[in-house]
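Single-structure report; data block below.
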Number of protein chains: 2
Amino acid sequence: MQHLQPHATTCCKACTDRSMRILCDLSGQARIDFESLGMQMRLPKRSIIFQEDDSCDAATIICEGQVKLSCTSREGKTHILKIALPGDLLGLGAAISGTRFEVTAETIEPAVVKKIRRHELLAFLEKYGQASMLAAKALSEEYKSAFFDARRLALSESTAGRLAGVLLEWGRAAVGCSGADMSFTMALTHEELANLAGTSRETVTRALGKFQRDGLIEIQGSTFRVLSPSGLENLSS
Amino acid sequence: MQHLQPHATTCCKACTDRSMRILCDLSGQARIDFESLGMQMRLPKRSIIFQEDDSCDAATIICEGQVKLSCTSREGKTHILKIALPGDLLGLGAAISGTRFEVTAETIEPAVVKKIRRHELLAFLEKYGQASMLAAKALSEEYKSAFFDARRLALSESTAGRLAGVLLEWGRAAVGCSGADMSFTMALTHEELANLAGTSRETVTRALGKFQRDGLIEIQGSTFRVLSPSGLENLSS
DNA sequence: AGTTTGCAGTGACCACGGTCACACCCCGGT
DNA sequence: ACCGGGGTGTGACCGTGGTCACTGCAAACT
């Protein structure tokens with residue numbers, strides 16, 4: 001839960017309600033209207049918000065808790081794209097272009113989300129031009145995150161390198177929001193980390209072991225701390 | 001050049017000027033205004049439209065020719081995300097969110113493009129709410145293409161599978177626009193195909209050889225034809 | 001208590017594919 | 001005609017990392 005904010009924005013710390021990151025630039029009536037949209041709900045761990053290939057009837061904002069975005073191949077192999085955090089807006093692309101979801105969203109801790117029905121969202125965007133621009137910005141963030149995902153998979157030499165990249169990213173995110181030390185609590189199993197880094201469970205175990213032995217990271221229970229960012233950086237190449 | 005249209009839209013064939021795919025839904029004055037934007041230019045093969053980490057001063061529409069979108073790691077390894085085709089709008093995300101380009105765009109054949117300065121584009125989007133929505137749609141396409149890229153890299157068993165996925169995609173694109181046979185002209189070298197599929201040049205050569213021997217594809221000079229879509233499909237898993 | 005279930009750690013094995021080393025071919029230049 | 005260079009085809013080698021098969025370990029249930 002204190003694992004935080006990947007792409008920090010200026011408003012991040014200031015906003016008491018983190019569900020409104022996208023809104024920080026909305027003004028006046030638009031903001032008021034937006035807040036009246038949608039309905040908030042509280043979800044237990046492991047609940048599916050939406051699924052790959054479902055048709056999109058609503059976008060959802062994460063208010064609290066982490067959400068795993070993944071997709072699955074016919075053979076049952078699954079790939080985790082990213083862990084979405086409070087403030088992220090899921091399914092925006094599908095809602096806007098009226099297509100099906102490409103990914104499955106599942107909570108990995110108890111979470112609070114706000115669902116906004118597609119037609120309400122569209123009507124809102126229709127009404128406020130500035131909001132459309134913000135939506136476009138949000139989409140371009142979504143794009144970048146997919147892009148960096150692909151880039152990490154494609155451009156790192158070793159599998160350990162990809163893992164290092166993921167840890168580094170999270171360490172940096174932690175700095176952006178909480179204390180100055182790059183530590184965060186890991187809500188994923190080794191298996192899930194493997195799916196995220198495109199490798200196998202065993203390799204993750206071994207790599208994490210090696211990272212510790214090499215003094216790159218420190219693990220105590222489920223809290224990770226990055227000791228040598230530059231070391232990880234080198235590996236992730 | 002007759003290699004065509006990846007995500008076909010209804011307007012694709014009807015538009016005489018393919019540079020306006022994004023505009024097909026624009027109406028009246030907005031459309032007229034848009035056409036007056038930007039400036040068209042003709043580029044030789046191998047010219048760089050923009051580069052990774054350049055700050056974005058303009059988005060560009062491809063009117064003719066294929067454009068390679070790639071990114072490079074510190075070690076000099078390069079990954080090709082996709083081959084952009086006439087009708088694609090490049091750098092939209094960077095233009096809207098005011099960030100740097102994540103990729104390098106380079107023509108692989110003589111091309112005609114239209115550059116639209118960033119502030120003109122923003123002013124236009126500001127003025128026409130509907131256009132912002134279309135921009136958002138275009139961005140969501142961009143997102144999907146990055147997503148499928150990552151998905152292909154992550155979820156296919158073999159390297160041959162990834163290559164099969166790429167060929168299949170292009171074969172399907174060809175059907176969408178030209179004749180009913182899945183044939184297209186390959187403008188990439190094996191080396192480039194390797195960078196696209198995340199493998200090595202030699203492996204591409206061998207895989208293509210095997211695909212032919214297995215009757216999955218047919219290669220004559222630089223024209224490829226997909227004979228067994230289902231066969232490729234199985235491999236790409 | 002005991003049992004079950006899910007996650008983490010570790011060794012052994014071996015295949016896929018990256019790398020290096022060639023030979024060949026086509027085309028363009030001088 | 002000669003060369004040179006870029007692209008392609010192919011063999012041999014061997015390291016990374018996926019897979020399998022276990023063993024611990026801790027929390028959850030009965």
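Bear in mind that the values here come from a model prediction, so they are computed numbers and not experimental data.
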Which donor-acceptor pairs under 3.5 Å do the side chains of residues 188-195 of chain A make with protein atoms, sequence neighbours left out?
unit_1	atom_1	unit_2	atom_2	d
A:Thr189	OG1	A:Glu191	N	3.4
A:Thr189	OG1	A:Glu192	N	3.1
A:His190	ND1	A:Thr205	OG1	3.0
A:Glu192	OE1	A:Thr189	N	3.0
A:Glu192	OE2	A:Lys68	NZ	3.0
A:Asn195	ND2	A:Thr78	OG1	3.4

Between [X] ([atom1]) and [N] ([atom2]), how many Å, whole number?
X: B:Leu235; N: C:dG17; atom1: CG; atom2: C1'; answer: 16 Å
X: A:Arg201; N: C:dG11; atom1: CZ; atom2: P; answer: 14 Å
X: A:Ile219; N: C:dG9; atom1: CD1; atom2: P; answer: 7 Å
X: B:Lys77; N: C:dG17; atom1: NZ; atom2: C1'; answer: 12 Å

Does anything in residues 211-236 of chain A pair up under salt bridge (Lys or Arg N to Asp or Glu O under 4.0 Å), and if so which pairs, sequence neighbours excluded? A:Arg172-A:Glu233, A:Asp181-A:Arg225, A:Lys210-A:Asp214, A:Glu218-A:Arg225, A:Glu233-B:Arg74
Who pairs with [X] by side chain to side chain donor-acceptor pair (under 3.5 Å), at least two apart in sequence or on another chain?
X: B:Arg162; result: none
X: A:Arg117; result: none
X: B:Ser156; result: none
X: A:Glu106; result: A:Arg46

Could you list the residues that satisfy ring pair (Phe, Tyr, Trp, His ring centres under 6.0 Å) with A:Phe101, not counting sequence neighbours? A:Phe50
Heavy-atom closest pair, residues [X] and [Y]:
X: A:Arg100; Y: A:Ala94; result: O-CB, 4.0 Å
X: A:Leu216; Y: A:Gly231; result: CD2-CA, 3.9 Å
X: B:Ile49; Y: B:Leu43; result: CG1-CD1, 4.0 Å

Heavy-atom contacts under 4.0 Å between residues 202-212 of chain B and DNA chain C, which residues? B:Glu202, B:Thr203, B:Arg206
Strictly below 4.0 Å, heavy-atom distances to any atom of DNA chain C: list the hits from residues 148-162 of chain B, or just say none. B:Ser158, B:Thr159
For B:Glu52, side chain to side chain contact (heavy atoms under 4.5 Å, CB included) partners two or more places apart: A:Arg151, B:Cys71, B:Thr72, B:Thr104
How would you give the extent of chain B contacts on DNA chain D, as first and last nucleotide 5' to 3' within a 4.0 Å heavy-atom cut-off? D:dG7 to D:dA12
Taking the axis from the first five pairs and the axis from the last five, what angle separates them in the helix from C:dA1-D:dT30 to C:dT30-D:dA1, rounded to 10 degrees? 30°
Side-chain donor or acceptor of B:Arg118 paired with backbone N/O of B:Ala95 under 3.5 Å: yes
Looking at B:Val112, is its backbone amide N or carbonyl O close enough to the side chain of B:Glu64 to form a donor-acceptor pair, meaning the two atoms are under 3.5 Å apart? no
Taking any heavy-atom pair under 4.0 Å as a contact, classify B:Ser200: base, sugar-phosphate, or nothing. base
